[in-house]
Amino acid sequence: PNDSISAEVAFQSVTDLQAGLNGVYIEYSPDNIIDFSSIFSDDTKIGADNGGQKVALHNWILNPGSADADNIWLSNYRMINSINRLLEASATITPLTGEQDQYNKILADCYALRALAHFELLQFYSTDYNASSLAVPYTTTVGVFEEPSRNTVAEVLTSMEADLVSAENLIDPTYFDPSELLQE
């Protein structure tokens with residue numbers, strides 16, 4: 001298609017990676033989780049003028065293939081795939097002088113967000129937290145049509161921890177967040 005950008009030219013600089021990370025943050029939306037959990041639990045009730053919206057979910061009926069069941073899955077794996085694209089592209093970019101801290105922060109954000117997205121998936125699509133129970137696929141590569149196998153809970157937790165350690169190792173320990181001043 002003539003309206004797409006090939007992977008080779010999409011990310012060529014740290015500035016491009018930052019724009020990609022901004023897009024990942026736009027993709028992150030806990031709305032699906034808030035919507036589902038508030039309706040499926042006892043946080044909300046069916047209004048008097050309800051025309052039938054979400055009645056099945058209020059009654060704890062999950063229909064396979066419904067938006068209620070799919071939205072959390074789709075939005076998190078969409079974000080994970082975007083993160084994996086950024087991480088893959090970052091390997092081909094050499095930061096210019098003065099860009100190393102920004103480059104490292106972009107990568108740290110990617111690793112932390114990937115762990116978060118997998119954690120949200122683990123909470124909703126795992127039957128329990130037994131180490132050997134099947135959980136969700138922990139994807140670390142770009143995929144379009146692949147159907148990765150499910151990992152065990154232990155494998156997902158180990159991969160999440162590895163991503164969080166990677167993120168922690170990339171953040172400058174002298175990093176200062178000015179918003180912390182507002183909390184004093």
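Atoms considered below: every heavy atom in the structure, side chains included; atoms not considered: hydrogens, waters and symmetry mates.
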| query | Should the heavy atoms of other residues, nucleotides or ligands under 6.0 Å from CD of Gln123 be counted, would the total exceed 12? | reply |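 It does: Gln123 CD has more than 12 such atoms within range.
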Is there a side-chain contact between [X] and [Y] in this structure, where contact means two heavy atoms from C-beta onward sitting under 4.5 Å apart?
X      : Y      : value
Glu120 : Tyr125 : no
Pro148 : Tyr138 : no
Ile80  : His118 : yes
Leu86  : Leu21  : yes
Ile83  : Leu113 : yes
Lys105 : Leu170 : no
Thr140 : Arg114 : yes
Tyr25  : Asp109 : yes

Sidechain-backbone polar pair: [X] side chain, [Y] backbone, donor-acceptor under 3.5 Å:
X      : Y      : value
Ser82  : Arg78  : yes
Tyr77  : Pro137 : yes
Thr92  : Ala89  : yes
Arg150 : Ala135 : yes

| When you check the side-chain N and O atoms of Thr141 and Asn84, is any donor under 3.5 Å from an acceptor? | no
| Between the side chains of Asn104 and Gln100, does any donor sit under 3.5 Å from an acceptor? | yes
Write down the atom of [X], the atom of [Y], and the distance for their closest heavy-atom approach.
X      : Y      : answer
Ala167 : Ala112 : CB-N, 4.0 Å
Asn130 : Asp128 : N-OD1, 3.0 Å
Gly20  : Phe11  : CA-CE2, 3.9 Å
Leu87  : Cys110 : CD2-CB, 3.7 Å

Rounded at 0.5 Å granularity, tell me how far [atom1] in [X] sits from [atom2] in [Y].
X      : Y      : atom1 : atom2 : answer
Glu99  : Thr94  : CD    : OG1   : 10.5 Å
Phe119 : Leu164 : CZ    : CG    : 10.5 Å
Asp101 : Asp172 : CG    : CG    : 5.5 Å
Asp163 : Leu116 : CG    : CG    : 11.0 Å
Ser13  : Ile93  : OG    : CD1   : 6.0 Å

| Partners meeting ring pair (Phe, Tyr, Trp, His ring centres under 6.0 Å) with Tyr28 (sequence neighbours left out) | none
| task | Sequence neighbours left out, what passes ring pair (Phe, Tyr, Trp, His ring centres under 6.0 Å) with Phe124? Give chain and number order. | result |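 With neighbours one apart ignored, the set is Phe36.
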| same_hphob_cluster(Leu17, Leu96) at 4.5 Å side-chain heavy-atom cutoff |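 Not linked; separate clusters.
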| said: Would a single hydrophobic cluster contain both Ile72 and Leu74, if residues Ile, Leu, Val, Met, Phe, Trp and Tyr are joined by side-chain heavy-atom contacts under 4.5 Å? | reply: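 Same cluster.
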Side-chain donor-acceptor pairs of residues 154-161 under 3.5 Å, sequence neighbours excluded:
unit_1, atom_1, unit_2, atom_2, d
Glu155, OE1, Asn151, ND2, 3.3
Glu155, OE1, Thr152, N, 2.8
Glu155, OE1, Thr152, OG1, 3.4
Thr158, OG1, Ala154, O, 2.8
Ser159, OG, Glu155, O, 3.0

| message | Can you tell me which residue among Asn22, Thr15, Asp16 is in a side-chain hydrogen bond (donor to acceptor under 3.5 Å, both in side chains) with Gln18? | response |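 The passing option is Asn22.
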